There are 2 protein chains.
Amino acid sequence: MKNESRDASRSPRQVCAHGDRHASEEVRRIENAFFDLSRPNTAPRRILVEKLAELARTGEAFSTDDLWQGLRAVHGRIGRATVYRSIEQLVESKVLDRVELRDGSRRYRVCGGAHHHHLVCNTCHRVEEFQECLSVRTIEEIGRRHGFTVEEHTLTVYGTCSSCLKSGDK
Amino acid sequence: MKNESRDASRSPRQVCAHGDRHASEEVRRIENAFFDLSRPNTAPRRILVEKLAELARTGEAFSTDDLWQGLRAVHGRIGRATVYRSIEQLVESKVLDRVELRDGSRRYRVCGGAHHHHLVCNTCHRVEEFQECLSVRTIEEIGRRHGFTVEEHTLTVYGTCSSCLKSGDK
DNA sequence: ATTGCTGCAAAACCTTTGCAAATGT
DNA sequence: ACATTTGCAAAGGTTTTGCAGCAAT
């Protein structure tokens, strides 16, 4: 998680150069999530948005501690509580998805707006998205049969990714 | 964990009298899970098996603390660690399912052996089972497309149950 | 100036671990 | 007797909270 050319900034403008092209869209989405709820454009937020845009690009899943460490490397003085508070807001506003690993620990991931679910590697903890799902009709039917009003659902597939299979880490 | 007029029950069998008839089956399953791994038939285990058979009948979902409290009421001196250790074994041996609530907290539930998933009430935290699922073919296809070897999956539907809807707790 | 975010440290939670004592076989 | 489990208390890890100070508007 290096970086230098820290031009990105909060500007909802195109960035180009190092493949940051569509990152601006991501950056805007994340900024909106913050500023819908609050006003101040503070340093911690700028750094967080930047880091999350980067994580969005790689699709990396991370723990709260991973994120805290990553941010400290840039900002130094950022508090754990700030990270927790931000993650909470961002999950709430659907910028982040919370994913439960098989061992029960949690990771977060910047996820697109489209309906999707997660495929998790039990070895390296990589998380990928997929679209397949039960039909809305079927889900509603499940709720109806039990007298529930359905609000949401999660579908998570656990397994071993190809590189972990190859390297035999499995 | 009250109980009395617990006629509702999801048991696909008649219940009669104290509804303990088929509980013996449940009891045996739970005992086996313990004794497959170890020998001693200790008091804490007997009480645990009994309590879980009861919870199986009502289909109630519980937290580790709920269970600990429930057991203490009977046994008095049972330690939290024993409860944690037992739950771990029982999840491992598929007697219990771990269910994640919408708020991120965890509950456990005695679940049948058949493949199933969970419907969770976001208000009262009731958990019910349902059978619907993607086809094995589809799940394998998801894995194949991403180069994953699929090991397992979870599907959880969250909503509000009819009684919470009625009582407006929602 | 006002508002509310931030960092820090402490507190609250939840779960695991070490070990002597108790228990079952 | 021997092998395990149990209860207790302490340790570990994670998340939340309270609050003074600070930054943004």
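None of the values given here were measured: they were computed from a predicted structure.
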Atom [atom1] of [X] and atom [atom2] of [N]: how far apart are they, to the nearest Å?
X      : N      : atom1 : atom2 : value
B:D103 : C:dC14 : CG    : C1'   : 14 Å
B:D65  : C:dA12 : CG    : C1'   : 14 Å
A:H75  : C:dT6  : NE2   : P     : 9 Å
A:E31  : C:dC5  : CD    : P     : 16 Å
B:D66  : C:dC14 : CG    : P     : 11 Å

Short N-O contact, B:R29 and B:E26, less than 4.0 angstrom: yes
Can you list every ring pair (Phe, Tyr, Trp, His ring centres under 6.0 Å) pair that touches residues 64-106 of chain B, not counting sequence neighbours? none
Applied to residues 121-147 of chain A, the ring pair (Phe, Tyr, Trp, His ring centres under 6.0 Å) test, sequence neighbours excluded, yields none
Which residues share a side chain to side chain donor-acceptor pair (under 3.5 Å) with [X], sequence neighbours left out:
X     : answer
B:D97 : B:H116, B:H118
B:S93 : none
A:T42 : none

Let me test you: for the helix from C:dA1-D:dT25 to C:dT25-D:dA1, what is the angle between the axes at its two ends (five pairs each), rounded to 10 degrees?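 It comes to 30° between the two terminal axes.
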Just by distance, do the side chain of B:S86 and the backbone of B:T82 share a donor-acceptor pair under 3.5 Å?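 Such a contact is found between B:S86 side chain and B:T82 backbone.
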Taking B:T138 for the side chain and B:L134 for the main chain, is one N or O donor matched with an acceptor at less than 3.5 Å? no
With heavy atoms of chain A within less than 4.0 Å as the criterion, where does contact along DNA chain D begin and end?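 From 5' to 3', the first and last contacting nucleotides are D:dT14 to D:dT25.
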Sequence neighbours left out, what pairs pass salt bridge (charged side-chain N to carboxylate O under 4.0 Å, His left out) with at least one residue falling in residues 128-148 of chain A? A:R109-A:E129, A:R126-A:E128, A:E132-B:R145, A:E141-A:R144, A:E141-A:R145, A:R145-B:E132
Within 45° cone and under 6.0 Å: B:R45 NZ/CZ vs B:F34 ring: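 Because its charged atom sits under 6.0 Å from the ring centre and within 45° of the axis, B:R45 does stack over B:F34.
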Of all residues at least two apart in sequence or in a different chain, which pass the salt bridge (charged side-chain N to carboxylate O under 4.0 Å, His left out) check with B:R102?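 Once residues adjacent in sequence are excluded, the partners of B:R102 under the salt bridge (charged side-chain N to carboxylate O under 4.0 Å, His left out) criterion are A:E152.
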Counting only non-hydrogen atoms, which of residues 80-89 of chain B are less than 4.0 Å from DNA chain D?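 Listed by number, they are B:A81, B:T82, B:R85.
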Got a sec, which residues hit side chain to side chain contact (heavy atoms under 4.5 Å, CB included) with B:S162, two or more places apart in sequence or on another chain?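 Counting only residues at least two positions away or on another chain, B:S162 forms a side chain to side chain contact (heavy atoms under 4.5 Å, CB included) with B:K166.
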Using a 4.0 Å heavy-atom cut-off, write out nucleotides 20-25 of chain C from 5' to 3' as B (base contacted by protein), S (sugar-phosphate only) or - (no contact). ----SS
Rounded to the nearest 0.5 Å, what separation is found between the OG1 atom of A:T64 and the CD1 atom of A:I87? 5.5 Å
